[in-house]
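Contents: one structure, followed by commentary.
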Amino acid sequence: MHRLAGAAWLLAGMLALAPAPAGAAETDVATASIPADVSPLVAYSGRIAGDDARTRLILDFDRRPEISVHYVANPYRILIDLPDTVFALKKDEIAARGLFSDIRYGGMAAGKSRIVLTADRPASVVASEVRKEEGGSYRLVVDTAIVTEDAFSKLISGQTWKDAAAVTETAGGPVLPGAAADDDGSFVIAVDAGHGGIDNGAQGATTGTHEKAVTLAFARELTAALNAGPTTKAVLTRDKDEFLSLSQRVQLARNQGANLLISIHADTLRQKDIRGATVYTISDKASDSLAANLAARENLSDEIAGMPFQDEPAEVADILIDLTRRETQAFSINLANEVVGAFEGEVKLINNPHRHAGFRVLTAPDVPSVLLELGFLSNKDDEQLLLDPAWQKKVAGLIAEAVQRYRSSVMANGG
């Protein structure tokens, strides 16, 4: 499966993975060896682009820069140290955007300068490159992405200094952070509990229960069922009542090297007599009006929190729209078929239970993904089942069996 990561990462325009940067307290700074020079470097141009899941910083220098990176908490900061540098940048060329709420740069001590990237969530450098341009100038490209609290803490406490400017490649090509097989060889499934925080999702017709509570309860049950398997490991994109943007959900799954992503939902419909589970895969063209309307509603989650999709920079929008690749989509369809097959005769299914539409949470280029509508909170019978722990456990077990069959078929075909 992970052969998908390299190609998709290249197609998305990301760079080869740098050696893992280290963590240290801000008062305990050790920098890479910086050669003395008669005059300081000049950073004469820069730009920044990204969303709240990943952001790219680009700086152009008159000479080759040597950089080192480390991390500081409270607030979350990425510190990029440089030799003595004159920042001859136009106002707002690298103004805070995307992941970062604040960006500062300037001289720090004799012979050293620093760029400080402050984020609202834990983030790290995932790739970097220094390349020579025509005319003798040099371009520094630094890619950053959100990480979990645990991963950020490990960066701070458990690593030594590394040269973040070096580029590492493996025989398989550029590697997505976390995309390597888990240490114990487990097959990793990201379980995404839909909605959360300010985004309540749908509401039960009888009990008034919010969709975000239903999805989190089921996601925990599914995670337990998957983790009971000998070779599967499930991770949650959210484990509490918090808001995550659709882009962040995708990035968190990829960060953890997920082989699959299963996004859990329980919507409402005006037609209260419609009930049953549905499995969705991504497609530019919706299979039917119900799928199209559902995708449109789910894709509004970011706007509920004041994060409209159209406000993202064009290059990021292009990446999000263009992420789905044929091979990944084929794997997603195989997984959907396995889940539908597991449900038949055991769980009430909607008519034509495998449907497709343009769900943004399914856009990971290298992670086969499905969106599972467990049922409809607008239907009193579905609502009763959705809130039943015994039913949740049964359905979670069926999905875990489907995942095992899917994995066996992938392995049998050399995946």
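Computed from a predicted model, the values in this text were never measured in an experiment. Only this structure's heavy atoms are used, side chains among them; waters, hydrogens and symmetry mates stay out.
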Does any non-hydrogen side-chain atom of [Y] lie less than 4.5 Å from one of [X]?
X: H70; Y: D81; result: yes
X: D267; Y: L377; result: no
X: L260; Y: F331; result: no
X: Q203; Y: E211; result: no
X: V188; Y: V235; result: yes

Examine distances only and state if a side-chain atom of [X] and a backbone atom of [Y] form a donor-acceptor pair shorter than 3.5 Å.
X: K212; Y: G197; result: yes
X: T85; Y: P83; result: yes
X: S283; Y: A286; result: no
X: D51; Y: A53; result: yes

Say whether T281 and H354, considering side chains only, have a donor N or O and an acceptor N or O under 3.5 Å apart.
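Yes, because at least one side-chain N or O of T281 sits under 3.5 Å from a partner of the opposite role on H354.
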Cut-off 3.5 Å, side chains only: do D52 and S245 have a donor facing an acceptor?
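Their side chains do contain a donor-acceptor pair, which is all the 3.5 Å distance test asks for.
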Taking side-chain contact (heavy atoms from CB on, under 4.5 Å) as the definition, give me every residue that meets it alongside A396, ordered by chain and number, with sequence neighbours left out.
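Listed in chain order: F218, E221, L222, A225.
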With P122, which of I146, V147, I78, L99 fulfils side-chain contact (heavy atoms from CB on, under 4.5 Å)?
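Among the candidates, only V147 passes.
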Are L89 and I94 close enough, and set up right, to give a side chain to side chain contact (heavy atoms under 4.5 Å, CB included), and what steps lead you there?
CA-CA 8 Å; L89 304 174; I94 56 170; 3.8 Å; yes
Ring-ring centroid check H195 H210, cutoff 6.0 Å
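Not under 6.0 Å, so no.
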Lys/Arg-Asp/Glu bridge criterion (N-O < 4.0 Å) met for [X], [Y]:
X: D143; Y: R54; result: no
X: R47; Y: E93; result: no
X: E338; Y: R407; result: no

Using the rule given for ring-ring contact (aromatic ring centres under 6.0 Å, His included), can you reason through F61 versus Y138, listing the C-alpha separation, both sets of side-chain angles and the distance that settles it, and then say yes or no?
CA-CA 5 Å; F61 293 85; Y138 286 83; 9.1 Å; no
Parallel, tilted or perpendicular for Y406 and F187, by the 30°/60° rule?
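Answer is tilted, since the angle falls between 30° and 60°.
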With rounding to the nearest 0.5 angstrom, report the CG to CZ distance, L79 to R104.
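That separation rounds to 11.5 Å.
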